[in-house]
Number of protein chains: 2
Amino acid sequence: MPEQTTGASRPTLEAVAAHAGVSRATVSRVVNGGAGVRQHLVDKVRKAVEDLGYVPNHAARSLVTRRHGAVAVIIAEPEFRVFSDPFFEQQVRGISRELTAHDSQMVLLWVEGVGDHQRIARYLDGGHVDGALAFSLHSDDRLPALIARSSVQAVFGGRPPVGSGLSVPFVDCDNRGGAREAVRHLVSLGRRCVAHIAGPRDQTSALDRIAGYHDVLVDPDPALLCQGDFTRESGARAMAELLDRRPELDAVFAANDLMAAGALHTLRERRLRVPEDIAVVGFDDMDSVVRDTEPALTTVRQDIEGMGRLMVKLLMRLLQGRSDAAPASVITQTSLVRRASA
Amino acid sequence: MPEQTTGASRPTLEAVAAHAGVSRATVSRVVNGGAGVRQHLVDKVRKAVEDLGYVPNHAARSLVTRRHGAVAVIIAEPEFRVFSDPFFEQQVRGISRELTAHDSQMVLLWVEGVGDHQRIARYLDGGHVDGALAFSLHSDDRLPALIARSSVQAVFGGRPPVGSGLSVPFVDCDNRGGAREAVRHLVSLGRRCVAHIAGPRDQTSALDRIAGYHDVLVDPDPALLCQGDFTRESGARAMAELLDRRPELDAVFAANDLMAAGALHTLRERRLRVPEDIAVVGFDDMDSVVRDTEPALTTVRQDIEGMGRLMVKLLMRLLQGRSDAAPASVITQTSLVRRASA
DNA sequence: ATGAAAGCGCTAACAC
DNA sequence: GTGTTAGCGCTTTCAT
């Protein structure tokens, strides 16, 4: 029976040193950038590395450096399909790219329930990763606090609800400001009766967008606020309900593009013209949605991939202990993208 | 890679040993299960571990054991949205769950292009992971060969095209058999003119399903085979084309559910009754699609999450060197799920 | 600029 | 059963 078929044992630093006729220390220096080694030797060592197909042993290295070149990305799946959410995919893509740029790998920790919490905590404390990235999805989630309590540095995607992972820095877009801009735009178009289709109340992004709506429309008719859950269907339903409640409606700001698309669908069914009868603004500028909306959707753009990259950058800064100069959290700008719907 | 923020150094085995008044070896034994240690000492050590909050250093451990408790999951993104594909999500979920059961973590390696290949190869050879899991998506992909050439054991999801990652074991469902069953079912219903909407020719699953179609319908009218690309839209388009080409059509087997849904859409537009006029069978039994198809879709079910789990099981078996007893690859069964559409 | 040597924290022979 | 000891492969002072 073949023991652990990892093939013939790989060459070590020692072997490279012998092959190049230098000491292990010199090889180590060359492998790690080669600063302070004469070019002559650098070349020799490089050749030896090449000849032998040497690849540094990561375990040995991190045993002494205490660095792992890996970051945990914690994904909590609350109900369903977080993973296949395009928002999520974009953010993870940004994280992945930036991590690669920092020579770090992504260890995916998939949390399916409270039963996994113990496992996650142990992993974070087990010295496998340099830091952790997580997403604050729902306010009833115990995970943020768990992560904040762990021994590794962490950065959140999305503003955590007040009173959970308090001291953990996060990256989020300016949801409130973006919402404000959307509503202001509708008002500037001369719309008098602006409704809002809100996202789920247990997500800070939805709450912040509601707040932005209220910033502009002080004391609006409560009947103009309708609850959705960020799905297309809920947007369609909410739109129908709003029309029934307030037929005089002339504009609607949906808390995300998917709900805006649903609203557009309902408006078409009811033979209402967009934007002539009702102007519609979404949020996210999500490519997969915006691509085939009719008419083209005016929306608030946020740079989701960029936010993922920022999460990594922030974490890396924290790990280097340069927290003195850097701000704790990052709020990214949004921008209104004007298209046909408003 | 970031520098390390120097936290309070964690207790080592040594410290626990001293605290418990035993040797390091004994502590090590207890920490690793405690076999062959008197209960009396086990308790003492456990308490010491508890008192000091000891957590084993993973790097030190894998330096000597040469095991890492981690598996690379390689995701190649050919054109777009692999990640948010529900098929993919289910498979990764299965992988994640089974990995957890094996006390292993998932290191996600996201490949965006040929430029990443070098990086992936180095990572696999760098001794970070015990093995690798990958998906064979497109036949023009150089990745399978790259992985097969690396020093770690690997298992593929989906049958790789002949002549690529030749010796690498894989897990796939019986695409050909499933397709056969689908078409046989249509024939047994008395359908005389059975069309096939095929998937992209560079994916083995699509090819195998075409083969299954041909197994049953020897020498069918070539006009009855129409090319799609696994998207809903392509299914709708293909259905339209098929109807134009052969109005006498009375059944269609689509290579996946999404295309079947598209086909259903076209049939409804053309006022054709399903299954009275035309019977429709899909492939996958993808929940998110099948859930709201009208009429309910008859389809070939494959256990996608189970396939993900099997990939891990197979890999673990390979890592234990028990390849003698175990078959190289696994082909899972499919089953026809009869609903209303056929 | 380079080499010698001392560990990093752990496991696994091997001795007792 | 339990302890002693020899590394795993690497980085990093500290001499030279």
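Just so we're on the same page: letters track the sequence lines, and every chain starts at 1. Since this is a predicted model, take the numbers as computed values, not measurements. Only this structure's heavy atoms are used, side chains among them; waters, hydrogens and symmetry mates stay out.
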What integer distance in Å separates [X]:[atom1] from [N]:[atom2]?
X	N	atom1	atom2	answer
A:His58	D:dG9	NE2	C1'	13 Å
A:His128	C:dG9	NE2	C1'	14 Å
A:Asn57	D:dG7	CG	C1'	14 Å
B:His68	C:dT11	NE2	P	14 Å
B:Leu63	C:dT11	CG	C1'	10 Å

### Task
Quick one: pull up CG in B:Leu108 and CD1 in B:Ile75 and give me the separation to the nearest 0.5 Å.
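Rounded to the nearest 0.5 Å, the CG-CD1 separation comes out at 4.0 Å.
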Ignoring hydrogens and angles, tell me if any N or O in the side chain of [X] forms a donor-acceptor pair with the backbone of [Y] under 3.5 Å.
X	Y	value
A:Ser329	A:Pro169	no
A:Ser96	A:Val92	no
B:Arg10	A:Asp125	yes
B:Ser62	B:His58	yes

### Query
Does a salt bridge link B:Arg46 with B:Asp43, judged by any charged N lying under 4.0 Å from a carboxylate O?
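Looking at B:Asp43 together with B:Arg46, the answer is no, because their closest N to O distance does not fall below 4.0 Å.
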## Note on the structure
Heavy-atom contacts, protein to nucleotides 11-16 of chain D, under 4.0 Å, summarised as B (base), S (sugar-phosphate only) or - (none) per nt, yield BBB---
### Query
OP1 or OP2 of D:dG3 sitting under 4.0 Å from any side-chain N/O of B:Ser23?
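Yes.
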